Trainee: 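Have a look at this one before I ask anything.
These numbers come from a predicted model, not from an experiment. Every number for a ligand or one of its atoms is a count from 1 in the order of the listing.
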Amino acid sequence: MATVQMSVRPEDLSKVPAGKERIPEPAILVIFGASGDLTKRKLLPALFHLEQSGLLPEKLAIVGVARRALGGEFAEDMRRDIVQFGSVDAGDPKLDKFVKELGYFALNFDDPASYTGLKEELDRIDKEKGIGGNRMFYLATAPEFFAGIIENLGAQGMAQPEHGLARIVIEKPFGHDLASARELNHQVNAVFQESQVFRIDHYLGKETVQNILVFRFANGIFEPVWNRNYIDHVQITAAETLGIEGRGPFYEKAGALRDVVQNHMMELLSFVAMEPPSSFEAESVRREKLKVWQAIPSIPILNAVRGQYGPGIVEGQHVAGYRDEERVSPESGTETYAAVRLQIENWRWAGVPFFLRAGKRLKRRATEISIQFKQPPLLIFDRMQLTSPCQEIQPNLLTIRIQPDEGIALRFGAKVPTTPNMDVCPVNMDFDYAAAFGTSSANGYERLLLDAMLGDQTLFSHRDGVETTWALYTPILEAWAAKKPEVFPNYFAGSWGPECSDHLLEKAGHSWRNDLGRKA
Ligand code: BG6
């Protein structure tokens with residue numbers, strides 16, 4: 001397919017004034033689960049990137065909290081991890097200072113008494129650095145500890161301090177079904193007010209996800225066609241080549257629907273489908289997202305399919321099937337692939353099917369949104385195809401590549417030159433993020449950590465939002481739990497998923513786009 005490259009001229013970029021810097025107030029950031037994967041792979045590298053960019057307050061103390069007695073080892077481990085996972089130069093002069101300031105406190109999450117010690121330690125650091133009482137607690141532990149930590153913070157008066165502000169950031173998964181999400185919301189809101197709570201979904205920290213809103217609402221030409229009159233259907237794919245990366249016990253209980261569809265994919269869906277908010281304030285954005293989710297009628301079980309990978313070849317390597325992964329049951333019924341068809345019953349979208357799919361060990365890594373437009377009402381060229389290399393006139397397709405190859409492409413038909421006929425071939429106008437702006441090392445957490453420190457909840461989930469999305473998926477999870485799949489595994493690692501998923505679209509007269517992740 002031919003490509004027309006659109007690019008931003010470097011001279012235009014240099015004219016953009018530097019953004020107004022938003023520096024948070026002094027605070028102590030307390031990370032529960034400091035010895036875990038998330039802290040070393042994402043949180044500390046993101047915090048150091050913020051430090052490099054000069055976006056952290058002068059007076060910021062970071063204290064890792066975990067069960068193991070680590071002491072000084074913690075800072076040294078983090079230095080290594082920041083270099084490795086943050087692609088940071090080990091000789092960066094800012095790194096020494098940053099690492100030297102990292103604190104650690106060993107604590108048994110379930111033991112109320114040890115929170116007295118934590119409070120004293122935080123007060124001591126506060127006094128020493130003159131912080132003024134602000135605290136941000138980050139829950140990066142296994143989810144079963146969330147409620148206990150929150151309760152203990154409340155009991156010690158750390159959630160509603162006399163001086164300064166307290167905020168709490170809660171990692172996903174937020175509950176494992178509707179009832180547990182409601183209960184967790186109840187526990188959180190018994191201790192923290194909603195304005196103090198930041199439920200994180202790292203997809204919202206991705207530039208390309210935020211760019212969906214910019215694309216839709218900072219440009220005048222797309223909004224008029226962004227509706228049922230022009231759009232035929234929408235596909236949203238989150239395809240991974242990775243397997244479960246040693247997370248057997250977690251994944252066995254989660255599965256693809258809980259792990260990715262209920263949260264990341266529903267966030268993407270809401271950005272694609274929401275009405276223009278009145279401003280980019282948390283209240284307005286969250287309200288519009290919620291209205292989208294509330295307009296989705298319950299999903300018939302026949303419109304949800306699941307799969308599990310068997311052995312296969314991914315990116316040229318032989319890989320094991322899911323049931324042979326470490327700490328996974330050899331008879332596991334957990335889905336590593338899920339796809340659903342849903343409708344949004346409002347004036348903008350009534351009648352437009354939305355297809356969502358997420359899976360592990362698929363052919364290619366690609367998170368993409370495809371908006372397929374309707375064909376023109378009359379195809380005057382369709383009988384003149386005999387000599388054309390293109391079999392049929394294809395409808396316009398807008399693809400938003402969230403990752404990798406971040407960008408946006410618009411497919412349209414163009415006359416094939418030099419042939420005597422009016423032959424039509426699809427071509428692409430392609431905006432490529434890296435070519436236009438250079439690559440960004442941000443992993444999404446930079447933006448979200450900064451926003452949480454600034455108290456900006458726009459890119460965080462509200463309690464009503466998580467409950468509404470769980471309400472949609474809980475009946476499917478229950479139906480799946482009640483009936484073990486007959487044929488698992490049902491797709492080869494390295495394929496595009498199970499056949500039942502293709503049938504889901506065929507029933508609606510469509511097919512999955514499998515030319516993802518490639519610049520046209
Ligand atoms: C996480 C899931 O939330 O998102 C993982 O738990 C998944 O299973 C990951 O691999 C995908 O995130 P990203 O940013 O790599 O698309």
Trainee: Among side-chain atoms of T237 and E368, is any donor-acceptor pair under 3.5 angstrom?
Mentor: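 No, no side-chain donor-acceptor pair sits under 3.5 Å.
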Trainee: Closer than 4.0 angstrom: is that true for some heavy atom of Y203 and an atom of ligand 1?
Mentor: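 Yes, that is the case, since the closest heavy atom of the residue is under 4.0 Å from the ligand.
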Trainee: Please determine whether any non-hydrogen atom of T367 lies less than 4.0 Å from an atom of ligand 1.
Mentor: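 No, T367 has no heavy atoms under 4.0 Å from ligand 1.
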Trainee: For K172, counting its heavy atoms only, list the atoms of ligand 1 lying under 4.0 Å from any of them.
Mentor: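 So the atoms of ligand 1 that pass are 1 (C), 2 (C), 3 (O), 6 (O).
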Trainee: We want to know whether E252 and Y322 form a side-chain donor-acceptor pair, criterion being a heavy-atom distance below 3.5 angstrom.
Mentor: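 Indeed, the side chains of E252 and Y322 share at least one donor-acceptor pair under 3.5 Å.
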Trainee: Is the gap between the ring centers of F145 and F32 under 6.0 Å?
Mentor: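 That pair fails the under 6.0 Å test.
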Trainee: Pick whichever of H264, Q403, E245 has a heavy atom sitting closest to atom 1 (C) of ligand 1.
Mentor: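 The option holding the nearest heavy atom is H264.
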Trainee: Which residue and atom name correspond to the protein heavy atom nearest atom 12 (O) of ligand 1, and how close is it?
Mentor: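 Going by distance alone, atom 12 (O) of ligand 1 is nearest to H202 NE2, 3.2 Å.
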Trainee: Could you tell me the residue and atom name of the protein heavy atom closest to atom 6 (O) of ligand 1, and the distance to it rounded to 0.1 Å?
Mentor: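 Heavy-atom neighbour on the protein nearest atom 6 (O) of ligand 1: D259 OD1, 2.6 Å.
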Trainee: Ignoring hydrogens and geometry, is there a side-chain-to-backbone donor-acceptor pair from W512 to R357 under 3.5 Å?
Mentor: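 No; judged by distance alone, with no hydrogens or angles, the pair does not exist.
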Trainee: Looking only at non-hydrogen atoms, which of R258, E171, R247 approaches atom 8 (O) of ligand 1 most closely?
Mentor: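 Considering heavy atoms of R258, E171, R247, the nearest to atom 8 (O) of ligand 1 sits in R247.
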Trainee: If you count the atoms of ligand 1 from 1 in the order shown, which ones are under 4.0 Å from a heavy atom of K206?
Mentor: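 Here the atoms of ligand 1 in question are 13 (P), 14 (O), 16 (O).
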Trainee: Cation-pi between R182 and W470: NZ/CZ under 6.0 Å from ring centre and within 45° of the ring axis?
Mentor: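 Cation-pi check for R182 and W470: fails.
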Trainee: Which of the atoms of ligand 1 are close to K360, meaning less than 4.0 Å from one of its heavy atoms?
Mentor: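 Within the 4.0 Å cut-off of K360, ligand 1 contributes 5 (C), 7 (C), 8 (O), 10 (O).
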Trainee: Measure the acute angle between the ring planes of H264 and H202, then classify it against the limits of 30° and 60° as parallel, tilted or perpendicular.
Mentor: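 Rings of H264 and H202: perpendicular, over 60°.
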Trainee: At what distance, to the nearest 0.5 angstrom, does CG of L29 lie from CZ of F137?
Mentor: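 That separation rounds to 10.0 Å.
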Trainee: Can you tell me the protein heavy atom closest to atom 10 (O) of ligand 1 and the distance?
Mentor: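 Going atom by atom, the protein heavy atom closest to atom 10 (O) of ligand 1 ends up being E240 OE1, 2.6 Å.
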